[in-house]
Amino acid sequence: MSDSLISVIVPVYNSEQTLNRCIDSILGQTYRNFELLLINDGSKDRSGEICDEYAQKDSRVKVFHKENGGVSSARNVGLDNARGKWVSFVDSDDWTGEKLLSNLIGHTNNHPNVELVISFSEYIFNNGRREENYKARMVDKANFQILFSEYDMSWHTGPWAKLYSKHVIDTKNLRFNENMNIGEDAVFFYSYLSQIDGLYVSSDTDYKYNADTEGSLTKRVFSLKSEMSGCHNIIEAVDNLLNNGNKWERKAVNSLCWLKATYMRRVLTALYHNKVDRKTRRTVFSQIDGNFYATYISDSSFKGKILTFFIKNNLFLSYDIVRKLSTGGWLL
């Protein structure tokens with residue numbers, strides 16, 4: 001195994017419309033020492049066949065077919081089979097500039113003590129493009145707060161546009177949580193951050209993010225059990241970061257606390273989206289720290305302000321009536 005081998009992991013599910021573009025962009029990299037792991041997660045279209053066709057033409061392409069288990073399951077299969085010193089992720093509806101891998105690995109050569117390289121994306125919309133603009137710099141463990149006060153890492157949590165050390169992933173037994181429907185990327189990212197001493201933030205924007213993908217998971221509401229599990233795991237991962245022994249600036253703390261409160265809001269939404277019974281609604285409501293929630297959730301709408309007031313003051317009945325009326329007036 002070459003020390004500079006990069007394992008590029010692409011989870012694939014029903015991606016026949018975008019998969020060729022994605023794979024071609026990776027195979028067209030100026031940096032050649034990589035393996036491409038295509039994880040076909042039980043696709044029902046021609047995605048699996050497309051993957052196999054590429055594997056027949058290029059020895060760097062390795063295909064793994066599995067039953068559908070979700071994107072985390074697919075990424076974990078990739079991690080289990082990756083041989084590289086470094087790991088990078090690409091989503092099958094996105095694509096890359098030809099220098100993505102060259103730039104990522106170049107930063108590890110220029111800064112040999114880094115265990116993570118973070119770069120950014122060019123967001124592709126139907127009506128235009130937007131390129132992220134951040135300053136490049138080294139960041140050591142004592143200054144991880146900069147990631148949240150200056151680089152918006154409370155939501156730049158996707159695994160793409162980053163280069164991870166396979167050694168850290170394996171020795172710390174890091175994997176994506178397959179029981180989470182949303183937020184699993186943030187939990188993986190923060191758990192990884194908690195295990196390393198230094199990283200490099202690049203100003204590169206070689207990753208091309210398809211911002212017009214339909215059915216974004218961030219807009220979906222899952223079961224109460226799933227949303228509560230996601231909230232619990234996010235809070236645990238954030239608290240582990242905040243309790244790493246370093247001092248955190250208020251701006252960085254606010255950014256991470258906003259993320260925790262956002263997942264609390266998802267739990268509250270799940271209560272009414274799934275029409276959960278009144279007893280459970282009351283129990284879950286009582287578990288929300290109202291003062292914390294009201295501090296970090298800002299809603300400028302009249303209804304939003306009223307609901308936040310009810311949460312802050314633990315007024316379940318009032319909150320419950322307004323939420324039920326706004327979701328069809330069902331009575332349980």
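Numbers for residues simply follow the sequence, beginning at 1.
Taking the centre and axis of the six-membered ring of Tyr54, the NZ or CZ atom of Lys62 falls outside the cone set by 45° and 6.0 Å.
In terms of modelled atom types and a separation under 3.5 Å, the side chain of Ser88 and the main chain of Lys162 share a donor-acceptor contact. Judged by distance alone, with hydrogens and angles left aside, the side-chain atoms of Lys208 form no donor-acceptor pair with the main-chain N or O of Asp94 at under 3.5 Å. Formation of a donor-acceptor pair under 3.5 Å by the Asn14 side chain with backbone atoms of Ser43 is not found in this model. Judged by distance alone, with hydrogens and angles left aside, the side-chain atoms of Gln29 form no donor-acceptor pair with the main-chain N or O of Ser102 at under 3.5 Å. Formation of a donor-acceptor pair under 3.5 Å by the Ser25 side chain with backbone atoms of Trp95 is not found in this model.
In this structure, the separation between CG on Leu27 and CZ on Arg32 is 7.5 Å, given to the nearest 0.5 Å. For the atom pair CZ (Arg83) and CG (Leu5), the distance works out to 5.5 Å, reported to the nearest 0.5 Å. Between Cys22 atom SG and Asp93 atom CG the span is 8.0 Å, to the nearest 0.5 Å. Interatomic distance, CZ of Arg46 versus CD of Glu53, reported as 5.0 Å (0.5 Å rounding). Atom CD1 of Ile118 is separated from atom CG of Leu193 by 6.0 Å, given to the nearest 0.5 angstrom.
Counting only residues at least two apart or on different chains, the side chain to side chain donor-acceptor pair (under 3.5 Å) pairs with a member in residues 305-319 are Tyr319-Arg323. For residues 282-291, there are no salt bridge (charged side-chain N to carboxylate O under 4.0 Å, His left out) pairs, not counting sequence neighbours. Residues in residues 290-303 take part in no salt bridge (charged side-chain N to carboxylate O under 4.0 Å, His left out) pair, two or more places apart or across chains. Applying the salt bridge (charged side-chain N to carboxylate O under 4.0 Å, His left out) definition to pairs two or more places apart or across chains, none involves residues 14-26.
Across Phe222 and Ala270, no two heavy atoms sit closer than the pair O-CB, 3.9 Å. Lys66 approaches Ser73 most closely through the heavy-atom pair NZ-OG, 2.9 Å. Taking every heavy atom of both residues into account, Ser4 and Ile105 meet most closely at O-CD1, 4.4 Å. Looking at every heavy atom in both residues, Tyr272 comes nearest to Asp320 through OH-OD1, 2.7 Å. Nearest heavy atom pair, residue Leu307 against residue Val322, reads CD2-CG1, 3.7 Å.
A donor and an acceptor atom, one from each side chain of Asp152 and Tyr134, are located under 3.5 Å apart.
Partners of Ile306 by side-chain contact (heavy atoms from CB on, under 4.5 Å), not counting sequence neighbours, listed by chain and number: Phe302, Phe310. Remark: Phe309 engages no residue in a ring pair (Phe, Tyr, Trp, His ring centres under 6.0 Å) (not counting sequence neighbours). By the ring pair (Phe, Tyr, Trp, His ring centres under 6.0 Å) test, Tyr293 is found to be paired with no residue, residues two or more places apart in sequence or in another chain being considered. Residues satisfying the side-chain hydrogen bond (donor to acceptor under 3.5 Å, both in side chains) criterion with Asp239, sequence neighbours excluded, are Lys260. Looking at residues two or more places apart in sequence or on another chain, you find a ring pair (Phe, Tyr, Trp, His ring centres under 6.0 Å) between His107 and Tyr200. Taking the ring pair (Phe, Tyr, Trp, His ring centres under 6.0 Å) definition, one finds that Phe144 meets it with nothing, sequence neighbours left out.
Atom CD of Gln287 sits in a crowded spot, with more than 12 heavy atoms from other residues, nucleotides or ligands closer than 6.0 Å. The number of heavy atoms from other shown groups lying within 6.0 Å of NE2 (His167) does not exceed 12. Residue-environment remark: CG (Asn133) stays at or below the threshold of 12 foreign heavy atoms within 6.0 Å. Counting heavy-atom neighbours within 6.0 Å of Lys99 NZ, excluding the residue itself, gives a total of 12 or less.
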Please report the C-alpha distance between Val10 and Ile39 in whole Å, then the side-chain angles of each, then the deciding distance to 0.1 Å, and finally whether the side-chain contact (heavy atoms from CB on, under 4.5 Å) criterion is met. CA-CA 6 Å; Val10 179; Ile39 318 300; over 6 Å; no
Does the pair Glu122 and Thr205 meet the rule for a side chain to side chain donor-acceptor pair (under 3.5 Å), with working shown? CA-CA 6 Å; Glu122 183 179 12; Thr205 55; 5.8 Å; no
side-chain contact (heavy atoms from CB on, under 4.5 Å) between Leu19 and Val12, intermediate numbers included: CA-CA 8 Å; Leu19 189 54; Val12 177; 3.9 Å; yes
Determine whether Glu227 and Arg220 satisfy the following criterion, salt bridge (Lys or Arg N to Asp or Glu O under 4.0 Å), listing intermediate values before the conclusion. CA-CA 11 Å; Glu227 294 289 358; Arg220 292 175 56 187; over 6 Å; no
Check the pair Glu236 / Val187 against side-chain contact (heavy atoms from CB on, under 4.5 Å), numbers first and verdict last. CA-CA 9 Å; Glu236 182 178 54; Val187 170; over 6 Å; no
Could you walk me through whether Ser202 and Ser119 pass side chain to side chain donor-acceptor pair (under 3.5 Å), step by step? CA-CA 5 Å; Ser202 165; Ser119 66; 5.5 Å; no
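Not less than 6.0 angstrom separates the ring centroid of Tyr164 from the ring centroid of Trp86.
Counting heavy atoms from C-beta outward, Val201 and Phe120 have side chains that approach closer than 4.5 Å. Within the 4.5 Å cutoff, the side chain of Thr280 has heavy atoms near those of the Leu224 side chain. Within the 4.5 Å cutoff, side-chain heavy atoms of Tyr190 are placed close to those of Leu259.
Between Tyr123 and Trp155, the ring-plane angle classifies as tilted under the 30° and 60° cut-offs.
With respect to Met228, the side-chain contact (heavy atoms from CB on, under 4.5 Å) criterion is satisfied by exactly one of Val267, Leu271, Asn233: Val267. When the options Leu256, Thr262, Asn254 are evaluated for a side-chain contact (heavy atoms from CB on, under 4.5 Å) with Trp258, the one that passes is Thr262.
In summary, Asp277 and Lys279 do not engage in a salt bridge, as defined by a charged side-chain N under 4.0 Å from a carboxylate O. Remark: Asp170 engages Lys166 in a salt bridge, criterion side-chain N to carboxylate O under 4.0 Å.
Under the 4.5 angstrom side-chain criterion for Ile, Leu, Val, Met, Phe, Trp and Tyr, Tyr13 has no cluster partners at all.
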Report all side-chain donor-acceptor pairs from residues 74-82 shorter than 3.5 Å, counting only partners two or more places apart or in another chain.
unit_1, atom_1, unit_2, atom_2, d
Arg75, NH2, Asp91, OD1, 3.0
Asn76, OD1, Phe176, N, 2.9
Asn76, ND2, Ser72, O, 3.3
Asn76, ND2, Phe176, O, 2.8
Asn76, ND2, Glu178, OE2, 2.9
Asp80, OD1, Arg175, NE, 3.1
Asp80, OD1, Arg175, NH2, 3.0
Asn81, ND2, Val77, O, 2.8

